[in-house]
2 protein chains.
Amino acid sequence: MSNNYRLHGRLWIEGPEGTFLGYGRVVLLERIREHGSISAAARSMEMSYRHAWKLVDSMNRQSLHPVVEKSTGGRFGGGARLTKAGDEAIDCFWSAYRDFKRFLIDRSRQLDL
Amino acid sequence: MSNNYRLHGRLWIEGPEGTFLGYGRVVLLERIREHGSISAAARSMEMSYRHAWKLVDSMNRQSLHPVVEKSTGGRFGGGARLTKAGDEAIDCFWSAYRDFKRFLIDRSRQLDL
DNA sequence: AAGCGTTATGCATGGGAAAATATAACGCAA
DNA sequence: TTGCGTTATATTTTCCCATGCATAACGCTT
């Protein structure tokens, strides 16, 4: 009955190839939506473009409909936009994540150590 | 509404110094109880003795009462036994872990992707 | 045609965690 | 007193993953 201990955890959505959506991936999607490109999104969260690109590729491959649409060339070199499926993926994950956080807090109170 | 996606996660109990109990640590405690020594327990789960020892040390330091009692020397070189606090720690974690698994399964059904 | 900032991709590099290795101390038994 | 299998701990090595770097293609602008 001490409050020195608390439950912690990680949550992700697993798809056909392994991890589909996790905390970092969803933040990345939000940053892409905000900045309009994978590279700017990666820079904004101090992630290498290489890694960010791989994550996006992994999500797109595992999603029925791509979550990110990309284009190369043009006035600003190209960019990336979230699709409707991308927006929904973000909502879907955060919804489960909220419930998870609630579970952790509630269940922490019942810890008998 | 596809069943191609499932929630996965990890759960652990955080104490004063960081991780106190997690899946691997609890299995280690069970193996120590079963085999009577840290080294035999580590071998049984293909973990280095070094690592196993560190985990036990971390748990003992963070627990009000030690979870493992150790002795050196003697007929069989020494050994390790679980204390009552150790048994209780195991039960405490598995109990939360069961609830967590239930949460993952239940919440997976509500995933709308 | 040249320049730009993207996407796209291979390959080398680095850093952190786990394992491997090496030693010492312990205490009972033969 | 020697040997054994443990606990205990420092040091070295290994391994994996993210990063860094290099390069090419793209397409709009000037």
Side-chain angles (χ1 to χ4, degrees), chain A residues 8 10 12 14 17-63 66-83 86, chain B residues 8 10 12 14 17-63 66-83 86:
Chain A
H8 282 235
R10 295 200 184 287
W12 66 91
E14 193 108 351
E17 299 179 11
T19 302
F20 170 50
L21 291 176
Y23 189 99
R25 287 170 183 238
V26 168
V27 170
L28 176 62
L29 291 181
E30 290 179 329
R31 297 295 179 96
I32 290 171
R33 180 166 60 188
E34 183 185 350
H35 291 95
S37 78
I38 295 177
S39 60
R43 278 195 299 274
S44 81
M45 53 196 296
E46 298 177 318
M47 178 186 289
S48 68
Y49 170 78
R50 185 93 180 78
H51 188 49
W53 183 89
K54 279 184 183 177
L55 294 180
V56 169
D57 194 52
S58 164
M59 289 187 272
N60 272 348
R61 274 186 286 112
Q62 295 189 71
S63 186
V67 292
V68 172
E69 274 178 354
K70 295 160 287 180
S71 64
T72 77
R75 170 72 182 82
F76 296 105
R81 296 176 26 245
L82 249 66
T83 63
Chain B
H8 283 233
R10 294 200 184 287
W12 66 91
E14 193 108 347
E17 299 180 10
T19 302
F20 171 48
L21 291 177
Y23 189 98
R25 287 170 184 239
V26 169
V27 169
L28 176 61
L29 290 182
E30 290 179 329
R31 298 295 178 97
I32 290 172
R33 181 166 60 188
E34 182 185 350
H35 291 95
S37 79
I38 295 176
S39 60
R43 278 195 300 272
S44 81
M45 53 195 295
E46 298 176 317
M47 178 186 287
S48 69
Y49 171 78
R50 182 93 177 85
H51 188 49
W53 182 88
K54 277 184 182 174
L55 294 180
V56 169
D57 194 51
S58 165
M59 290 187 272
N60 272 348
R61 274 186 286 111
Q62 296 188 70
S63 184
V67 291
V68 172
E69 274 178 355
K70 296 159 289 181
S71 64
T72 77
R75 170 70 181 83
F76 296 105
R81 296 176 23 245
L82 249 65
T83 64

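Residue numbering restarts at 1 for every chain, and letters A, B, ... go by the order of the sequence lines. Being a predicted model, the structure only gives us computed values, none of them experimental. Basis for what follows: all heavy atoms, side chains included, without hydrogens, waters or symmetry-related copies.
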* Which nucleotide sits closest to the side chain of Ser48(A): dT19(D), dT7(D), dA19(C)? -> dT19(D)

* Gap between atoms NE2 and P, on His35(A) and dT6(C) respectively (whole Å) -> 11 Å

* Rounded to the Å, how far apart are Trp53(A) CH2 and dC21(D) P? -> 20 Å

* To do: Check whether any side-chain N or O of Thr72(A) sits under 4.0 Å from OP1 or OP2 of dA8(C), and answer yes or no.
  => no

* Asked: At under 4.0 Å between heavy atoms, what does Glu69(B) touch on the DNA or RNA strands: base, sugar-phosphate, or nothing?
  -> nothing

* Asn60(B) side chain vs Val67(B) backbone, donor-acceptor pair below 3.5 Å -> yes

* Indicate the atoms forming the closest heavy-atom contact of Tyr49(B) with Ile38(B), along with that distance. => CE1-CG2, 3.6 Å

* Asked: Between His51(B) (NE2) and dG16(C) (P), how many Å, whole number?
  -> 18 Å

* **Spacing of Glu46(B) atom CD relative to dA20(C) atom C1', expressed in whole Å** => 15 Å

* For dT7(D), does either OP1 or OP2 sit under 4.0 Å from a side-chain N or O belonging to Ser71(B)? -> no

* Rounded off to whole Å, could you give me the CG-to-P distance for the Asp57(A) and dG10(C) pair? => 11 Å

* Asked: Is the number of heavy atoms from other residues, nucleotides or ligands under 6.0 Å of Arg10(A) CZ greater than 12?
  -> no

* Asked: Without hydrogens or angle criteria, can the side chains of Arg81(B) and Ser71(B) be said to hold a donor-acceptor pair below 3.5 Å?
  -> no

* Structure fact -> Shortest non-hydrogen pair, Thr19(A) vs Arg25(A), comes out as O-NH1, 3.2 Å

* Taking atom P of dT23(D) as reference, at what distance in whole Å does atom OH of Tyr49(A) sit? -> 17 Å

* What nucleic acid atoms does Arg50(A) come within less than 4.0 Å of, heavy atoms only: base, sugar-phosphate, or nothing? -> base

* Asked: With a 4.0 Å cut-off on heavy atoms, is Gly79(A) in touch with a base, just the backbone sugar-phosphate, or nothing at all?
  -> sugar-phosphate

* Asked: What integer distance in Å separates Leu28(B):CG from dA18(C):P?
  -> 14 Å

* **Nucleotide dT6(D), atom P - distance to NZ of Lys70(B) in whole Å** => 15 Å

* Quick one: on DNA chain C, does Gly74(B) or Arg75(A) contact a more 5' nucleotide (nearest heavy atom)? -> Arg75(A)

